[in-house]
Amino acid sequence: MKTSRTDQGFTLIEVMIAMTLMSFMMVLLVSSLSTSAESWERGERKIDQVNENAVVHHFFQRYLSTAKPLSKNNEAGETRFSFQGSSDSLQFVTGFPASASRKGLQLFEVKWSGRDQARIQVTLSPYFSDMDEQTLVREEVTLITQVTGLNINYFVRETANEDGTWEDSWQEKQFMPQLVKIKIELKDNRYWPEFVIPLKINSAAVFMINREEDDTDLEEDDTDPELGL
């Protein structure tokens with residue numbers, strides 16, 4: 001009496017073939033999962049980069065564009081204009097929305113910490129010192145990290161007939177530039193688009209108009225009524 005194939009079970013060769021196929025399928029599965037995980041991580045990093053770009057651009061677009069041309073006396077009694085800048089730092093005054101916790105005009109100080117710390121810091125403090133102690137608290141936040149360089153330029157056109165120039169520094173001036181150009185360099189050589197922020201309250205235009213009016217007044221006053229000139 002012959003026994004059926006089922007009663008005999010699997011042969012050793014069949015078991016080895018099945019294990020080989022299973023191992024091959026496991027390798028394919030692990031490889032597929034690894035590729036998917038890498039793709040997911042790349043996608044997450046890309047989203048983080050886009051969000052980071054958007055946050056930084058939104059910060060400058062919202063607050064720098066509404067900088068106000070203000071002056072006040074310092075402790076030494078010298079009048080200092082609120083808008084000052086260099087190639088890697090910038091300070092300006094603007095206000096928060098009514099719903100924000102910080103009330104009144106705030107002094108924004110934006111500064112690159114250098115290659116060691118490699119970040120851009122923003123320090124907030126009330127512009128006027130006659131407020132209560134709670135409002136006087138300075139606050140420092142990190143705008144972006146992994147920064148190897150910050151380059152800021154300032155555009156000015158003092159007369160309507162001039163083409164205008166970009167300057168690397170904006171110190172000891174009594175008016176604001178028309179445009180501010182900001183370029184950020186990152187550690188991993190990621191592309192960071194250079195962006196230009198137009199200042200909505202443009203004191204340079206006011207300065208230009210006032211200066212032209214003063215020149216006109218000088219020309220009109222440069223006469224002698226007795227001589228009829």
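All values below come from the heavy atoms of this structure, side chains included, with hydrogens, waters and symmetry mates left out. We number each residue from 1, following the sequence as shown.
Scanning both residues, Ser71 and Gln174, for their nearest heavy atoms gives OG-OE1, 3.8 Å.
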Please evaluate residues Arg138 and Glu109 with respect to the criterion side chain to side chain contact (heavy atoms under 4.5 Å, CB included), reporting the C-alpha separation (whole Å), side-chain torsions for both, the decisive distance (0.1 Å), and the verdict. CA-CA 11 Å; Arg138 291 171 61 90; Glu109 297 175 81; 3.6 Å; yes
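Evaluation of the ring pair (Phe, Tyr, Trp, His ring centres under 6.0 Å) rule for Tyr63 yields Phe59, Phe96, Phe108 as partners, not counting sequence neighbours. Qualifying side-chain hydrogen bond (donor to acceptor under 3.5 Å, both in side chains) partners for Thr165, counting only residues two or more places apart in sequence or in other chains: none.
Heavy atoms of other residues, nucleotides or ligands lying less than 6.0 angstrom from CD1 of Ile13 number 12 at most.
Taking CE of Met176 as the reference point, atom OG of Ser82 lies at 7.0 Å (rounded to 0.5 Å). To the nearest 0.5 Å, atom CG of residue Leu179 and atom CZ of residue Arg157 are 9.0 Å apart. The line from OG1 of Thr66 to CD of Gln61 is 9.5 Å long, rounded to the nearest 0.5 Å.
Looking only at atom types and distance, the side chain of Asp88 has no donor-acceptor partner in the side chain of Asn151 under 3.5 Å away. In summary, the side chains of Gln121 and Glu140 do present a donor paired with an acceptor at a separation below 3.5 Å, with no hydrogens or angles considered. Under 3.5 Å, the side chains of Ser86 and Ser89 contain a donor-acceptor pair of N or O atoms.
Looking at Ile182 and Leu64, their side chains come closer than 4.5 Å, going by heavy atoms from C-beta outward. Between Ile184 and Val147, some side-chain heavy-atom pair lies under the 4.5 Å cut-off. With a 4.5 Å cut-off on side-chain heavy atoms, Val110 and Phe92 count as touching. Between Trp166 and Val156, the closest side-chain pair of non-hydrogen atoms is not below 4.5 Å. Side-chain contact between Pro177 and Leu199: present, with at least one pair of heavy atoms (C-beta onward) separated by less than 4.5 Å. A heavy-atom distance below 4.5 Å is found between the side chains of Glu172 and Arg80.
Using cut-offs of 30° and 60° for the angle between ring planes, the Phe83 and Trp170 rings count as perpendicular.
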